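As the structure lists them, so they are numbered: ligands from 1, and atoms in each ligand from 1. Throughout, numbering of the chain's residues begins at 1 and tracks the sequence. It should be emphasised that the depicted structure is a prediction, and the values quoted were computed from it without experimental measurement.
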Amino acid sequence: MAAAGGLRGHSVCSVTCPGDNGAVDIVTRGFVGRRQGRDPRIPPGQYLERDFPVLSAGPTPRVRQEDWRLDVSTPDGEVTTLGWSDLMALPVQDLTTDIHCVTKWSKLDTTWRAVSVDAVLEAVGAAETDAAFVLVHAEGGYTTNLPLADLRDGRGWVAVGYDGAPLTPEHGGPVRLLVPHLYLWKSAKWLSGLELRREDHPGFWEQLGYHAYGDPWREQRYVGD
Ligand SMILES: Nc1nc2c(c(=O)[nH]1)N[C@H]1C(S)=C(S)[C@@H](COP(=O)(O)O)O[C@H]1N2
Ligand SMILES: [Mo]
């Protein structure tokens, strides 16, 4: 079940993350902070990142657009599969949003091309369901869980482009999930399945002690936060 390979980019955050240095924090708050201001879009404990770091718990799968498949399954075990051309037949939208990684970087105003999860659920006839949770599956075995409600109403996206170009393999191309209001580990790269479930089931990082929900504004990094 676990994704293969080491935990690249996910050594213990409290030791290795910039922005986690108490001394720097104090200086920022007490002196620099008041003059420079702090962007209110950056959640507590996060720092502003201008690059786009790659964080993958394993090797990068190479999936061609024409080979990409998304299996959407219902709690009763009905599976509907979408391919690339099915996805492209749905409304593709441009969106700008902020993203927040639990390793403490946040990136503002990132631009994506994506289909809403609403449109995907509609297309596979799963919009009406008694499922309350989703276990998201990715090529390579990565999984992550979240309430279905958090993917609805334009809050969850099936992304195919980033910054004016097709999504690169490193960032989850050809297709990744994007759930900007939760920590970015919920945004599964190389999306391969949406398993609609009545009960919650912890995914890869969630089984390793990360928070079941992961709201950056409430700093829900680990179980118990
Ligand atoms: N399939 C898969 N999706 C994944 C991951 C992963 O290891 N495998 N890492 C997650 C984590 S922890 C983060 S922070 C983001 C990183 O996305 P990026 O590499 O595009 O910055 O992807 C998330 N989605
Ligand atoms: Mo992450």
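- Interface atoms of ligand 1 facing Trp190, defined by a heavy-atom separation under 4.0 Å, are 1 (N), 2 (C), 8 (N).
- Considering backbone and side-chain N/O atoms, Trp105 never comes within less than 3.5 Å of an N/O atom of ligand 1.
- Atoms of ligand 1 lying under 4.0 Å from at least one heavy atom of Val54, given by number and element, are 19 (O).
- Taking every non-hydrogen atom of Ser56 and a distance limit under 4.0 Å, the qualifying atoms of ligand 1 come out as 7 (O).
- With respect to the salt-bridge test (charged N to carboxylate O, under 4.0 angstrom), the residues Asp39 and Arg41 qualify.
- The closest approach between Arg176 and ligand 1 falls below 4.0 Å for a heavy atom of the residue.
- Atom numbering of ligand 1 starts at 1 in the shown order; those under 4.0 Å from a heavy atom of Pro53 are 18 (P), 19 (O), 21 (O).
- Here's the thing with Leu55: one of its N/O atoms is less than 3.5 angstrom from an N/O atom of ligand 1.
- Taking the six-membered ring for Trp and thresholds of 30 and 60 degrees, Phe204 and Tyr142 have ring planes inclined between 30 and 60 degrees apart.
- Shown are Lys186, His201, His211; of these, the side-chain hydrogen bond (donor to acceptor under 3.5 Å, both in side chains) with Glu206 is made only by Lys186.
- Remark: aromatic rings of Tyr183 and Tyr210 are distant, center separation not under 6.0 Å.
- Under a 4.0 Å criterion applied to the non-hydrogen atoms of Ala57, ligand 1 contributes the atoms 6 (C), 7 (O).
- Those atoms of ligand 1 with a heavy atom of Ala188 less than 4.0 angstrom away are 3 (N), 24 (N).
- In summary, the atoms of ligand 1 found under 4.0 Å from a heavy atom of Cys101, numbered by their order in the structure, are 14 (S).
- Set against the non-hydrogen atoms of Trp185, the atoms of ligand 1 under 4.0 Å away are 10 (C), 11 (C), 12 (S), 23 (C).
- With salt bridges taken as basic N to acidic carboxylate O contacts below 4.0 Å, one links Asp130 and Arg198.
- With respect to Glu199 and Arg197, no salt bridge is recorded, no charged nitrogen being found less than 4.0 Å from a carboxylate O.
- At a heavy-atom cutoff of 4.0 Å, ligand 1 is contacted by the side chain of Phe52 but not by its backbone.
- At a 3.5 angstrom cut-off on N or O pairs, Ser187 counts as close to ligand 1.
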